[in-house]
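So the structure is just underneath, and the comments pick up after that.
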Amino acid sequence: MARQNTVFKEAYNRYAAALRTDTALPSEPEIAAQLGVSRSTARAILTRLSEEGIIRWNKRQKTVLRQPTDRDLFPSEETDSLHDIIERSFMQRILADDAAPGMQINELELAREIGTGTTSVREFLIRFSRFGLIEKRPNSHWTLKGFTREFALELADVREMFELHSAAEFGRLPQGHQAWTDLAAIRDDHHAMLADINQRFRDFSVLDERFHLLIHRASKNRFIADFYDAIAIVFHYHYQWNKTAARERNERAIHEHLDYIAALESGDQAAIEKACRAHLHSARQTLLQSLPQLATETA
């Protein structure tokens with residue numbers, strides 16, 4: 001059934017979070033196009049919204065009765081893909097051990113933590129190994145090889161090329177596209193985090209990943225999407241590797257994101273490129289600062 005489907009749950013959460021009281025909703029085909037899902041999934045979303053008393057659905061008329069709350073949404077563990085769940089567990093493991101070169105990663109242990117089979121974990125690790133950050137060992141073990149200065153800088157070069165393209169494509173999205181609603185929600189989350197930065201600065205890496213993933217999706221390029229795994233591990237989690245001045249560093253990045261978002265919303269391609277380049281330059285510098293061993297390597 002659709003309600004057991006991750007695609008349905010993820011799309012439901014996205015659509016419900018953007019609803020505003022007393023607004024009229026478009027037709028099922030329009031909702032399906034906005035969310036990038038099938039018409040049957042769009043109908044399932046409307047059915048659940050109606051059953052929960054969030055909308056009034058009378059034939060072709062659909063009106064929002066109340067603002068959805070967190071309790072109306074599916075929990076993240078039900079909306080994330082298995083790949084995302086494995087990736088998050090993998091990231092948490094290497095972050096907990098400070099990503100030290102030589103750290104052992106065991107397929108069975110990681111699978112038990114996640115509650116999935118070793119085959120899915122192995123497939124993820126094999127796919128991830130092509131970036132040269134982990135290496136297969138006998139008996140279902142993997143070794144973290146560590147990050148070299150050359151690897152980080154090469155990745156930064158490729159990231160800049162890809163993200164400049166994705167940001168430009170994002171700025172060309174038509175009005176009414178779901179991505180603009182998602183971007184507005186991310187903008188609000190940035191402001192909320194900034195207002196409570198002393199308590200929430202450690203949560204920035206998750207928000208950072210959401211923001212950049214949204215931009216990359218606008219490219220609709222399979223190679224850019226595939227490359228995102230390496231981007232995530234090096235750039236979006238590096239904010240947690242070195243705790244020195246983490247609050248100040250994350251606060252600065254939030255302000256850069258807000259400038260970037262404002263440029264995207266303006267639709268001005270020159271402004272988008274300028275904000276994108278400024279943030280990527282800063283990210284390159286903070287990456288090296290977050291990994292002191294890279295800065296001194298080959299010295």
Side-chain angles (χ1 to χ4, degrees), residues 36 84 87 91 127-128 130-133 147-191 193-194 204-241 249-291 294-295:
D84 290 338
E87 181 180 271
M91 297 306 305
R127 183 168 178 266
F128 197 85
R130 72 191 187 282
F131 297 117
L133 296 178
F147 305 96
T148 65
R149 181 182 181 85
E150 289 74 16
F151 178 90
L153 293 178
E154 288 172 11
L155 195 63
D157 289 340
V158 178
R159 181 202 185 184
E160 181 173 320
M161 178 176 63
F162 282 174
E163 184 149 340
L164 282 168
H165 171 75
S166 297
E169 290 298 309
F170 197 105
R172 298 187 185 101
L173 291 174
Q175 292 184 355
H177 194 285
Q178 180 63 36
W180 293 115
T181 300
D182 295 340
L183 184 65
I186 288 176
R187 181 194 62 219
D188 292 344
D189 289 342
H190 275 76
H191 282 298
M193 185 173 292
L194 198 58
F204 177 68
S205 65
V206 176
L207 185 58
D208 183 65
E209 184 179 8
R210 281 178 56 206
F211 173 55
H212 288 282
L213 179 57
L214 179 65
I215 292 174
H216 285 299
R217 282 175 174 164
S219 71
K220 296 183 180 179
N221 184 302
R222 70 190 72 181
F223 299 105
I224 292 178
D226 193 50
F227 178 76
Y228 185 76
D229 285 332
I231 291 178
I233 190 171
V234 177
F235 284 98
H236 304 323
Y237 287 87
H238 79 271
Y239 293 102
Q240 298 183 35
W241 287 340
R249 186 173 64 242
N250 291 359
E251 183 177 7
R252 182 172 64 250
I254 290 173
H255 284 293
E256 290 178 3
H257 277 190
L258 289 171
D259 290 341
Y260 195 170
I261 291 171
L264 290 169
E265 292 179 327
S266 75
D268 184 329
Q269 288 293 327
I272 291 172
E273 180 177 347
K274 181 179 179 181
C276 180
R277 286 189 183 278
H279 179 55
L280 295 181
H281 174 76
S282 178
R284 179 192 293 256
Q285 298 306 311
T286 55
L287 170 63
L288 296 179
Q289 294 168 6
S290 297
L291 300 171
L294 296 187

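Across all non-hydrogen atoms, the minimal contact from Ala218 to Leu173 is CB-CD1, 4.3 Å. When every heavy atom of Leu214 is checked against every heavy atom of Ala179, the shortest pair comes out as CD2-O, 4.0 Å. Between Tyr260 and Ala167, the closest heavy-atom pair is OH-CB, 3.4 Å. Smallest separation of non-hydrogen atoms from Glu163 and Cys276: CG-SG, 3.9 Å. Across Ser282 and Glu256, no two heavy atoms sit closer than the pair OG-OE2, 2.8 Å.
Here the CZ atom belonging to Arg277 is positioned 4.5 Å from the CG atom belonging to Leu164, to the nearest 0.5 angstrom. Atom CD of residue Glu209 and atom NE2 of residue His216 lie 10.5 Å apart, to the nearest 0.5 angstrom. Distance check: Leu183 CG to Arg210 CZ gives 10.5 Å after rounding to the nearest 0.5 Å.
Checked against the 6.0 Å centroid criterion, the rings of Phe204 and His257 qualify as a close aromatic pair.
Applying the salt bridge (charged side-chain N to carboxylate O under 4.0 Å, His left out) criterion to Asp182, with sequence neighbours excluded, gives no partner residue. In this structure, Arg252 has no side-chain hydrogen bond (donor to acceptor under 3.5 Å, both in side chains) partners at least two apart in sequence or on a different chain.
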Item to complete: For side chain to side chain contact (heavy atoms under 4.5 Å, CB included), just list the numbers for His191 and Ile254, CA-CA rounded to whole Å, side-chain angles, deciding distance to a tenth of an Å, and then say yes or no.
Response: CA-CA 8 Å; His191 282 298; Ile254 290 173; over 6 Å; no
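Within 6.0 Å of the NE2 atom in His255, the count of heavy atoms belonging to other residues, nucleotides or ligands exceeds 12.
Contact annotation: the side chain of Glu169 never approaches that of Asn221 to less than 4.5 Å [non-hydrogen atoms, C-beta and beyond]. For the pair Phe211/Leu207, no side-chain contact is recorded, criterion being any heavy-atom separation below 4.5 Å from C-beta on. Using a 4.5 Å cut-off on side-chain heavy atoms (C-beta onward), Phe170 and Ile272 make no contact.
Under a 3.5 Å cut-off, the side chain of His190 and the backbone N or O of Ile186 do form a donor-acceptor pair.
For residues 261-271, every residue pair satisfying the side chain to side chain donor-acceptor pair (under 3.5 Å) rule, not counting sequence neighbours, is listed here: Arg187-Glu265.
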